[in-house]
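Read through the structure below, which is laid out as structure tokens, and then see the notes.
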Amino acid sequence: MSKLRVAVLGAQGRIGSEAVRAVEAAEDMELVAGLGRGDKLETLVEAGAQVVVELTNPGAVMGNLDFCVRHGIHAVVGTTGWTDERLAQLRTSLAASPEAGVLIAPNFSIGAVLTMRFAQQAARFFESVEVVELHHPKKADAPSGTAARTAQLIAKAREEAGCAPQPDATSTALDGARGADVDGVPVHSVRLRGLLAHQEVLFGGEGETLTIRHDSLHHSSFMPGILLGVRRVVSTPGLTVGLEHFLDLD
Ligand SMILES: NC(=O)C1=CN([C@@H]2O[C@H](COP(=O)(O)OP(=O)(O)OC[C@H]3O[C@@H](n4cnc5c(N)ncnc54)[C@H](OP(=O)(O)O)[C@@H]3O)[C@@H](O)[C@H]2O)C=CC1
Ligand SMILES: O=C(O)C1=N[C@H](C(=O)O)C[C@H](O)C1
């Protein structure tokens, strides 16, 4: 069987360099290009890339994906900073290249995906919920893409269950003291030397709390998800948001 021809964008970055090694080590894949800032995207076409793994930054990702989709190159995207407007823009460009597939995964680690799923399941049973995400201090965006997605999923589950707004008597607060409001769920961001990527979802009800915590201790935690995404995206045209769609969780 021929190997999947894979390129990595952001190949010198923290996660990109790990992804380069993971693709090189995968028996069913061939790394055909590893591009960094300033490299020409035409190299992807010249190298015959079938799938691009996009691990750059929120300022670069839209242009990179536009190029890939226009050239019929599938993409597995870990880069964060997604908004409804950006997703709509991507759907529009995909509509013009219906054969291309794009996976956007706020988090590639299996534990983080399960955290989101468990939080979604727990959401309707508790009055209160807050999300705390903790990352290395070189992270550019806050809150993390994972935390934003977790909060959105929780808010949707609560809305579908007809939950009342959370109790919170705060009447005066310093800016930021109650975190960012993501669809009604407070999200708190910690940046601390020594950490990589961590998240706690705190639920509270009458006389009890439930904490769901996940820790990525090394970038290797993201690699099985990236490789799975590469294998599945080639036969999944259109936009897929969330690795859970490739994990057969239901
Ligand atoms: N979904 C997930 O599971 C994960 C997602 N991430 C996300 O991945 C992204 C990258 O994270 P991280 O590796 O820590 O960041 P880094 O800053 O370490 O890496 C990003 C790399 O991309 C390069 N780059 C910038 N612009 C371009 C461009 N236009 N084309 C090609 N390369 C470019 C940067 O070069 P230069 O240094 O010159 O700017 C840098 O080498 C972030 O959005 C992060 O949140 C991270 C971990 C897991
Ligand atoms: O920048 C990071 O490091 C990470 N970014 C992603 C996010 O914003 O959720 C995934 C993971 O948390 C690591």
Side-chain angles (χ1 to χ4, degrees), residues 7-22 33-44 49 52-68 73 75-83 86 102-116 119 131-153 180 182 187-201 213-230 233 240-247:
V8 176
L9 287 182
Q12 283 88 43
R14 280 178 290 274
I15 184 170
S17 52
E18 189 79 22
V20 162
R21 283 189 287 277
L35 305 187
R37 182 194 291 277
D39 289 337
K40 286 196 168 63
L41 291 174
E42 284 69 24
T43 306
L44 300 172
V52 156
V53 180
E54 216 289 353
L55 301 165
T56 63
N57 63 51
V61 64
M62 293 305 288
N64 289 341
L65 289 183
D66 182 59
F67 180 92
C68 292
I73 302 172
V76 170
V77 184
T79 302
T80 43
W82 289 95
T83 59
R86 283 178 161 229
V102 175
L103 166 68
I104 294 174
N107 202 306
F108 288 112
S109 100
I110 305 303
V113 174
L114 290 176
T115 299
M116 288 187 254
V131 177
V132 185
E133 56 94 340
L134 310 91
H135 279 80
H136 59 89
K138 289 193 170 172
K139 183 164 179 57
D141 53 317
S144 70
T146 308
R149 173 89 172 147
T150 306
Q152 287 161 356
L153 293 172
V182 179
V187 179
H188 310 269
S189 297
V190 176
R191 297 291 174 263
L192 203 71
R193 181 75 66 206
L195 296 182
L196 176 52
H198 316 258
Q199 177 164 287
E200 286 192 355
V201 187
R213 179 173 173 114
H214 174 258
D215 299 275
S216 268
L217 305 171
H218 190 273
H219 279 101
S220 56
S221 61
F222 304 115
M223 296 307 124
I226 289 180
L227 298 181
L228 174 67
V230 168
V233 79
T240 303
V241 180
L243 188 69
E244 63 272 21
H245 299 290
F246 291 169
L247 287 176

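All residue numbers refer to positions in the sequence shown, counting from 1. Just so you know, ligand 1 is whichever comes first in the structure, and atom 1 is the first atom listed for that ligand.
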Is it true that the side chains of Gln199 and Thr150 contain a donor and an acceptor less than 3.5 Å apart?
yes
Should His136 be listed as contacting ligand 2, given a heavy-atom distance under 4.0 Å as the test?
yes
Closest protein heavy atom (residue, atom, distance) for atom 40 (C) of ligand 1
Gly13 CA, 4.0 Å
Considering both backbone and side-chain atoms of Phe108, is one of its nitrogen or oxygen atoms within less than 3.5 Å of a nitrogen or oxygen in ligand 1?
yes
Does Lys138 have a heavy atom less than 4.0 Å from any atom of ligand 1?
no
Does ligand 2 have a heavy atom under 4.0 Å from the side chain of Ala147, from its backbone, from both, or from neither?
neither
Considering Thr79, Thr56, Thr146, which one's heavy-atom position lies nearest to atom 10 (C) of ligand 1?
Thr56
Should Leu196 be counted as touching ligand 2, given the test is an N or O pair under 3.5 Å?
no
Side-chain ion pair, Glu244 and Arg149, N-O less than 4.0 Å:
yes
Nearest neighbour in protein (non-hydrogen) for atom 9 (O) of ligand 2
Thr146 OG1, 2.5 Å
Protein contact of atom 1 (N) of ligand 1 - nearest heavy atom, named by residue and atom, plus distance
Ala105 O, 2.9 Å
Looking only at heavy atoms of Gly145, does any of them come nearer than 4.0 Å to an atom of ligand 1?
no
Give the contacting part of Arg14 toward ligand 2: side chain, backbone, both or neither, where contact means a heavy-atom distance below 4.0 Å.
neither
Could you tell me whether Ile15 and ligand 1 have an N or O pair separated by under 3.5 Å?
yes
Measure Ser144 to ligand 2 on non-hydrogen atoms and call it side chain, backbone, both or neither using the 4.0 Å cut-off.
both
Which bit of Ala11 is near ligand 1, meaning a heavy atom under 4.0 Å away: side chain, backbone, both or neither?
neither
Of the listed options (Gln12, His135, Arg14), which comes nearest to atom 18 (O) of ligand 1 when hydrogens are ignored and any heavy atom counts?
Arg14
Which distance, rounded to the nearest 0.5 Å, do you find between the NE2 of His218 and the CD of Glu18?
5.0 Å
Would you say Arg213 and Thr115 make side-chain contact, with heavy atoms under 4.5 Å?
no
Nearest 0.5 Å, please: how far is CG in Asp215 from OG in Ser221?
10.0 Å
Any non-hydrogen protein atom below 4.0 Å of atom 7 (C) of ligand 1?
yes
Out of Gly38, Ala60, Gly36, whose heavy atom sits nearest atom 29 (N) of ligand 1?
Ala60
Side chains of Val52 and Asn64 in contact at under 4.5 Å (non-hydrogen atoms)
no
From CD1 (Ile104) to CG (Leu243), nearest 0.5 Å
13.0 Å
